[in-house]
Amino acid sequence: MAKKGRVFSGIRPTGRAHLGNYLGAIQNYVALQDDYECVYCIVDLHALTTVEDTENLRQNTHEMALDLLAAGIRPQETILFVQSHVPEVTELHMILSMVTPLGKLTDLPTFKEKVRQQPDNVNYGLVGYPVLMTADIVLYKADVVPVGIDQAPHIEFARETVRSFNYRYNTHVLIEPQMKNTPVLKVLGIDGKEKMSKSLNNHIELAATPEETTKRVREMVTDPARIKRTDPGNPDICNVFTMHKIFSPQSDVDMVNVECRRAGIGCVECKVLLAKNLNKHLEPLRAKRAEYASKPDLVMDILNDGAKRARVIAQKTMEEVRAAVQLP
Ligand code: TRP
């Protein structure tokens with residue numbers, strides 16, 4: 001079947017993925033494989049901009065690969081690889097930095113946020129983060145980049161950088177990527193307040209055991225106005241209900257929607273039901289993950305093969321780029 005074009009996306013090696021990563025990115029990566037030629041990259045170089053202690057970087061990269069494969073990335077057709085395995089990206093990053101006004105980088109809201117988060121480690125690489133991201137995208141001549149809305153300024157930056165490069169060197173070798181906003185199935189963390197994230201420890205890991213998953217679901221914060229079992233609740237503001245809508249059959253969603261409002265079902269019961277449905281959904285992922293985890297060499301082979309295929313594209317682009325820049 002003819003594909004609609006090439007998709008590229010990068011995901012940071014944060015270790016084991018959680019439900020937020022899954023619903024916000026990974027599930028969409030999997031679905032896009034049906035219509036696009038996909039290139040997915042675990043961005044370990046980007047991780048270096050914020051991670052000082054790299055002791056766990058390899059393991060975290062491996063864990064992320066396991067989760068991507070478990071979720072349904074098909075490595076025969078899709079190129080799945082690790083960013084640093086294709087060093088051409090660093091050369092392109094350097095060349096693109098020459099058409100990047102520094103002020104544009106320091107003005108980005110994402111950069112300002114990082115400065116707030118890590119005031120003692122405002123390194124050069126951190127400023128250049130969007131340039132490296134642009135290099136990722138254009139090196140593989142991606143048409144479409146699926147990302148969350150928080151990354152929108154970076155995609156806009158990439159588009160401007162492509163225009164600047166093509167204009168300065170009077171060429172068309174780089175392609176302006178389109179952003180494809182991932183349809184958001186936003187779940188909050190188990191605190192019911194913040195976005196799910198590892199650093200806040202409010203997450204549920206994709207690879208957690210059924211017991212751990214159930215325990216985490218039982219810790220979820222529900223409608224705070226519902227204090228006693230006999231108090232009616234409001235599912236519209238309850239994160240447990242949001243998850244029911246994602247993971248439970250419609251009959252359960254309808255039941256909770258009615259019974260919560262009239263205190264016909266308690267929060268504990270409601271969570272037990274969610275945990276059951278969530279575990280059912282995750283069961284095949286866990287099985288697949290366990291299979292890959294038992295074959296680390298296979299995972300390594302997949303990533304090496306991905307890098308090899310990625311490099312063929314990358315080297316061709318770099319030849320065109322060097323020619324356009326007239327590097328001798
Ligand atoms: N910056 C992205 C994030 O934080 C990760 C990323 C790196 C990326 N390179 C990319 C995403 C290229 C899309 C395309 O999530």
Side-chain angles (χ1 to χ4, degrees), residues 5-15 17-18 20-30 32-33 36-51 57 60-61 64-65 67-68 73 78-90 92-93 96-97 100 105 108-115 117-118 125-162 174-182 184 186 195-199 203 306-307 310 313-314 317:
R6 187 177 286 157
V7 156
F8 180 95
S9 195
I11 191 162
R12 278 173 293 144
T14 46
H18 55 65
N21 306 128
Y22 178 63
L23 298 168
I26 298 175
Q27 220 180 24
N28 192 40
Y29 287 1
V30 173
L32 286 167
Q33 294 177 115
Y36 292 88
E37 182 194 339
C38 295
V39 183
Y40 295 132
C41 178
I42 304 175
V43 292
D44 57 346
L45 294 173
H46 274 109
L48 295 181
T49 63
T50 54
V51 176
L57 188 55
N60 287 346
T61 301
M64 184 54 82
D67 282 321
L68 288 165
I73 297 301
T78 291
I79 296 180
L80 175 66
F81 74 108
V82 177
Q83 188 180 33
S84 66
H85 292 181
V86 183
E88 281 77 6
V89 76
T90 60
L92 185 54
H93 166 256
L96 292 178
S97 75
T100 304
L105 292 172
L108 281 168
T110 41
F111 175 68
K112 291 180 181 158
E113 177 61 24
K114 282 290 175 220
V115 173
Q117 284 170 4
Q118 50 182 65
L126 193 62
V127 185
Y129 185 108
V131 186
L132 182 57
M133 186 165 155
T134 303
D136 279 334
I137 296 167
V138 300
L139 187 58
Y140 302 103
K141 302 209 168 175
D143 303 296
V144 174
V145 184
V147 282
I149 197 71
D150 61 309
Q151 294 291 312
H154 288 163
I155 304 300
E156 194 44 44
F157 172 85
R159 292 166 58 84
E160 288 168 11
T161 305
V162 166
L174 300 187
I175 296 177
E176 242 183 90
Q178 301 289 329
M179 166 157 171
K180 191 177 175 74
N181 189 209
T182 305
V184 263
K186 202 168 221 157
K195 187 170 151 181
M196 194 176 278
S197 93
K198 204 166 226 178
S199 52
H203 61 299
I313 307 172
T317 304

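Quick note: numbers below take in every heavy atom, side chains included, and nothing from hydrogens, waters or symmetry partners. Atoms within each ligand, like the ligands themselves, are counted from 1 in listed order. This chain uses plain numbering: 1 for the first residue, then up along the sequence.
- Ring-centre distance between Phe111 and Phe157: not below the 6.0 Å cut-off.
- Listed by atom number, the atoms of ligand 1 under 4.0 Å from Val43 heavy atoms are 7 (C), 9 (N).
- Rounding to the nearest 0.5 Å gives a distance of 9.5 Å between CG of Asp44 and CZ of Phe81.
- The single protein non-hydrogen atom nearest to atom 10 (C) of ligand 1 is Met133 CG, 3.4 Å, given as residue, atom name and distance.
- Under the 4.5 Å side-chain criterion, counting only non-hydrogen atoms from C-beta, Val30 is in contact with Ile73.
- Of all the atoms in ligand 1, the ones that sit under 4.0 Å from a non-hydrogen atom of Arg12 are 3 (C), 4 (O).
- Interface atoms of ligand 1 facing Phe8, defined by a heavy-atom separation under 4.0 Å, are 12 (C), 14 (C).
- Ring geometry for Tyr29 versus Tyr40: interplanar angle under 30°, hence parallel rather than tilted (30 to 60°).
- Screening Leu132, Val145, Ile175, Val39 for a side-chain contact (heavy atoms from CB on, under 4.5 Å) with Ile137, the sole residue that qualifies is Val145.
- Near Val147, meaning under 4.0 Å from one of its heavy atoms, ligand 1 places the atoms 11 (C), 13 (C).
- Within the 3.5 Å criterion, the main-chain N or O of Arg6 finds a donor-acceptor partner in the side chain of Asp143.
- Distances below 4.0 Å separate heavy atoms of His46 from the following atoms of ligand 1: 7 (C), 9 (N).
- Short contacts between ligand 1 and Val145, defined as distances under 4.0 Å to a heavy atom of the residue, involve ligand atoms 13 (C), 14 (C).
- Per-residue contacts place Gly10 under 4.0 angstrom from the following atoms of ligand 1 (heavy atoms of the residue considered): 5 (C), 6 (C), 8 (C), 10 (C), 11 (C), 12 (C), 13 (C), 14 (C).
- Taking every heavy atom of Asp136 and a limit of under 4.0 angstrom, the matching atoms of ligand 1 come to 7 (C), 9 (N), 10 (C).
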Practice task
Go through His154 and Leu108 one step at a time and tell me if the side chain to side chain contact (heavy atoms under 4.5 Å, CB included) criterion holds.
Solution key: CA-CA 8 Å; His154 288 163; Leu108 281 168; 4.2 Å; yes
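- With a 4.0 Å cut-off on non-hydrogen atoms, Ile137 touches ligand 1 through its side chain and not its backbone.
- The nearest protein atom to atom 1 (N) of ligand 1, hydrogens excluded, is given as Tyr129 OH, 2.7 Å; this is a heavy-atom distance.
- Ring geometry for Tyr140 against Phe8 counts as parallel: the plane angle stays under 30°, on a 0 to 90° scale with 60° as the upper cut.
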